[in-house]
Trainee: 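Have a look at the structure that comes next, please.
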Amino acid sequence: MAGYEPKEIERRWQRVWADERTWEVANPGQPGYEEGKPKSYVLEMLPYPSGEPHVGHLKCYAVGDSIAHFRRRHGFEVIHPMGYDSFGLPAENNAIKTGEPPRVATERSIESFRRQFREWGISIDWSRELATHTPEYYRWTQWIFLQLFENDLAYRTEAPVQWCPKDATVLANEQVVDGRCERCGTEVVQRNLEQWFFRITEYADRLLEDFEALESWPEHVITMQRNWIGRSEGAEVVFRCDEVDLDFPVFTTRPDTLFGATFFVLAPEHPELERLVAGTAAEAEVREYVNRVGRESAEERGAEDREKTGVPLGRSVVNPVNGEEIPMFVADYVLMEYGTGAIMAVPGHDSRDYEFAQRFGLPVKRVIAGEDPEAARGDDGLPYPGDGEMTGSGRFDGKDNREAYDEIVAWLGSEGRGRPAVNYRLRDWLVSRQRYWGAPIPVVYCDECGIVPVPEDQLPVELPEVEDYAPQGKSPLAAAEEWVATDCPRCGGAARRETDTMDTFVDSSWYFLRYLDAQNRAAAWDREAADFWMPVDQYIGGVEHAILHLMYARFFTKALADLGHLGVQEPFANLFTQGMITRDGAKMSKSKGNTVSPGDYVERYGADTARTYVCFMGPPERGGDWTDEGVEGVNRFLSRLWRLCEEAEERTQAGEPDAAAEGQARELVAKAHWAIDKATRDFQRGFQFNTVISAVMELVNDAYRLKDGLYGTDEGGAAVRFATATAASLIFPFAPHLGSEVYERLTGDRVWERPWPEADPDLLASDTVTLVVQVNGKLRDRIEAPAETPKEELLRLARASEKVAKHLNGQQIVKEIVVPGKLVNLVVR
RNA sequence: GCCGGAGUGGCGGAACUGGCAUACGCGAUCGACUCAAAAUCGAUUGCCCUUGCGGGCUUGUGGGUUCGAAUCCCACCUCCGGCACCA
């Protein structure tokens, strides 16, 4: 008998799947389309092709592929495509270092990913493959940009933006982590620049509301997005500064504390600051303060234990609720980018305002009764952030603050001094990048006509070849003079092309739609094809995309639906986030030298072992630590299944197992049905692949234990063959090559063409049960009893047990609990 | 600070609706096969006491509910992730 040779087996089946194009599916109306079959769109996040795939990729695609196989065998027409998110900084930075064009390095990496996906045996419909850096793809990225532009969802404006000095480009808010560039870790600085934005804030409420429409997303991902959008309801209230004849609106979530406002604070970037202090005694000090704050990084400014700082302006505003004049300050704890960049300060009921008041000796006024022992710092129990009866609030005194809330806002409204308002933390999505390796933004600038979109029939605006990829504070494209100089599509006069490129997150915000009609040369996708396949039924990827990619893709889907290009509001009905694999308890990184190359393990143990191992390590949504011993354990299991197959093929006959079999034959067949049942349920219950695989291991273990006693008879042999083929069928989603091989050898059939097996309920039920006997809740004996034994008989058996009698030792039984089929508990006193 | 998630053998983890805690895998020990080793097959393996039979203890800690708690409730501790001067 030959040993388990995964290489040979895997090559053989990979050839079959490639030659027969097994995993390709047709759109409605195309040849090969099967009417009436339900569809399922199974999608893993597309990889960013840089170097070679790592274990994170292996896990993601192993998990997704097992789901695709499971669904196919449940009668679904499964679309399972693959592509590459192939624009982006790393390829460009590599180009700057080595001089190798980004396209060359990227395409080499794509080739490597493609080869490994085939070697892993992932069931991909290759006819739908795409790469976002190809003109065939980004032509449509540009088309979407124009769709947004023409519908006022893309706009160009000057705004304070986050600039990474190292990568020499602006970044979206979402790409700044702790005040640092997400990619390179450099501290970002604020700059005022004219940039392209997508109006995602327009969709803030719908992005929040439609969480309801999702079938199954991890709760923490929804929470993260909800926090990121950061919706808060409140009111806008106008404070007036008569001295300079200016109104200062503020946003507050606590209009009920308006009577407690004792001072007023502007952000250092506030545009009216200059006017307020020009020519006054405060001017020099304010200017110095603003400059100092401007030099500080976002990280310094946001530091937790930072003392409150600020400077009085020597001006005051009038509180609209009581006419009180309150002094104005500039302080960096007020942020220009949130609300109106100005706040009313209520030190009695806000801890930050309280801190500031303490430092500057400002009055603290209580306007809500109540005490919060946790938050209170002052002697009088202030600041108090909670609810209670209003006090010191004129006509509102004595009212419950929550009840008075709307009343105050309505009253202010009638006076023209306020209105209900909603604020978001979410900012519009900044999409322009001063970099080379991305999709050009398809607009031109004409002295006569201004910003002019490139007409659709002139797309794509192709990325020109350049010599120097290094950014010089503007896009490297600016150096491609011949490309930049163009004619205005509107007036025909001289014009210049936009030289910024799009954020790569734009590319990946719609790729799941292109798969549906990847060869379409006339449109980004056919509406009918999109209506048929969308939404993605199961999306799989890393949790690191919880905010960025997943929120942008949701926004795109809604915008495209509004423009009539799609019939769904949400792209991903179900989301599964896989946990990260570590090594020696630490995140893998080249600098730590603890990376695992999937290729090496596939070479040594085969793809089936590598794939099954990452699914067996633990629940896939959680992380796990990679160990070579664990890999070997899984390899041992697959080898055992292989040897069992070899032996069964030789020593048993093909055919169905005997339903009337008894004894060990029945035991093994029953175990196979138990494994079917458990594997199916655990698969459906949140993709608990680790226990699915352990059930198959148990089945194989039992087959080994029983096989030598079964080979002699027809019914025994049939039981072994059935158990082995069943194990192959159940392990197929994880180890598709070995599963196919074993199943074909024992049944003559191709396992992926066979429906997923169903457990026979008759074989799941056992004739006898092990009755657990407890005394006062403690296990004292186990008794075998027929399954249908009545309660009284079970009690009699329990009392008759010698072991039980010892623990009863003459005490009186005060209570008897019988759970039929499970246990008897005797309570004594 | 706020919001999530998690604490179970030497290790990764299992336990469905409150009912046999520790499935499966790793590691370890012993045995068979072998001249030998590897591979393979088989047995043992939570901790403590006991020669044995057997007994006691055990799911982060403390309390509660219950005939019965890893599971439900209360308080606390630790770790991981996200957000954080957001008015």
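All values below come from the heavy atoms of this structure, side chains included, with hydrogens, waters and symmetry mates left out.
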Trainee: rC16(B) base to Arg681(A) side chain: any donor-acceptor pair below 3.5 Å?
Mentor: yes
Trainee: At 4.0 Å (heavy atoms only), tell me whether Lys308(A) reaches a base, stays on the sugar-phosphate, or touches nothing.
Mentor: base
Trainee: Quick check: on RNA chain B, is the nucleotide nearest Arg254(A) upstream (toward 5') of the one nearest Glu219(A), or the reverse? Name the residue that is more 5'.
Mentor: Glu219(A)
Trainee: Which pair of non-hydrogen atoms, one from Ser351(A) and one from Pro383(A), has the smallest distance, and what is that distance?
Mentor: CA-CG, 3.8 Å
Trainee: When the P atoms of rC11(B) and rA37(B) are considered, how many whole Å apart are they?
Mentor: 31 Å
Trainee: Syn if the chi torsion is within 90° of 0, anti otherwise; quick check, which is rG31(B)?
Mentor: anti
Trainee: Whole angstrom is fine here: how far is it from CE in Met617(A) over to P in rC11(B)?
Mentor: 17 Å
Trainee: State, yes or no, whether a side-chain contact exists between Val692(A) and Leu730(A) at a heavy-atom distance under 4.5 Å.
Mentor: no
Trainee: With both distances kept under 3.5 Å, what pairs with rC35(B), Watson-Crick or G-U wobble?
Mentor: none
Trainee: Determine the Euclidean distance between corresponding P atoms of rG31(B) and rA38(B); express it in Å to zero decimal places.
Mentor: 13 Å
Trainee: Using salt bridge (Lys or Arg N to Asp or Glu O under 4.0 Å) as the criterion, list what pairs up with Asp247(A), not counting sequence neighbours.
Mentor: Arg240(A), Arg417(A)
Trainee: Tell me which residues in residues 332-341 of chain A lie within less than 4.0 Å of RNA chain B, going by non-hydrogen atoms.
Mentor: Asp332(A), Tyr333(A), Val334(A), Leu335(A), Tyr338(A)
Trainee: Contact class for Gln688(A) (heavy atom, under 4.0 Å): base, sugar-phosphate, or nothing?
Mentor: sugar-phosphate
Trainee: Find the distance Asn776(A):CG to rU66(B):C1' and express it as a whole number of Å.
Mentor: 13 Å
Trainee: Any donor-acceptor pair under 3.5 Å between the side chain of Asn227(A) and the base of rC83(B)?
Mentor: no
Trainee: Tell me whether the centres of the aromatic rings in Phe689(A) and Phe616(A) are closer together than 6.0 Å.
Mentor: no
Trainee: Using atom P in both nucleotides, what's the gap between rG64(B) and rG9(B) to the nearest angstrom?
Mentor: 24 Å
Trainee: For Val827(A) and Thr253(A), take the nucleotide of RNA chain B holding the closest heavy atom to each; which residue's nucleotide lies nearer the 5' end?
Mentor: Val827(A)
Trainee: Should the pair Glu647(A)-Lys707(A) be classified as a salt bridge under the 4.0 Å nitrogen-to-oxygen rule?
Mentor: yes
Trainee: Go along nucleotides 21-26 of chain B 5' to 3' and tag each nucleotide: B for a protein heavy atom under 4.0 Å from its base, S when only backbone or sugar atoms are that close, - otherwise.
Mentor: S-BBSS
Trainee: Under 6.0 Å between ring centres, would you say that holds for Phe356(A) and Phe263(A)?
Mentor: yes
Trainee: Which value, in whole Å, describes the distance between the P atoms of nucleotides rC48(B) and rU58(B)?
Mentor: 15 Å
Trainee: Looking for any heavy atom pair under 4.0 Å, which part of the strands does Ser232(A) touch: base, sugar-phosphate only, or nothing?
Mentor: sugar-phosphate
Trainee: Checking all strands, does Arg231(A) fall into the base, sugar-phosphate, or nothing category for heavy-atom contacts under 4.0 angstrom?
Mentor: nothing
Trainee: Just checking, Arg554(A) and Phe211(A): is the charged tip under 6.0 Å from the six-membered ring centre and within 45° of the axis?
Mentor: yes
Trainee: Should the pair Glu816(A)-Arg799(A) be classified as a salt bridge under the 4.0 Å nitrogen-to-oxygen rule?
Mentor: yes
Trainee: Considering only the C1' atoms, how many Å lie between rG1(B) and rC72(B), rounded to the nearest integer?
Mentor: 30 Å
Trainee: Taking the same atom, P, in rA6(B) and in rA14(B), what whole-Å distance lies between them?
Mentor: 12 Å
Trainee: Rounding to an integer number of Å, can you tell me how far Lys791(A) NZ sits from rC67(B) P?
Mentor: 15 Å
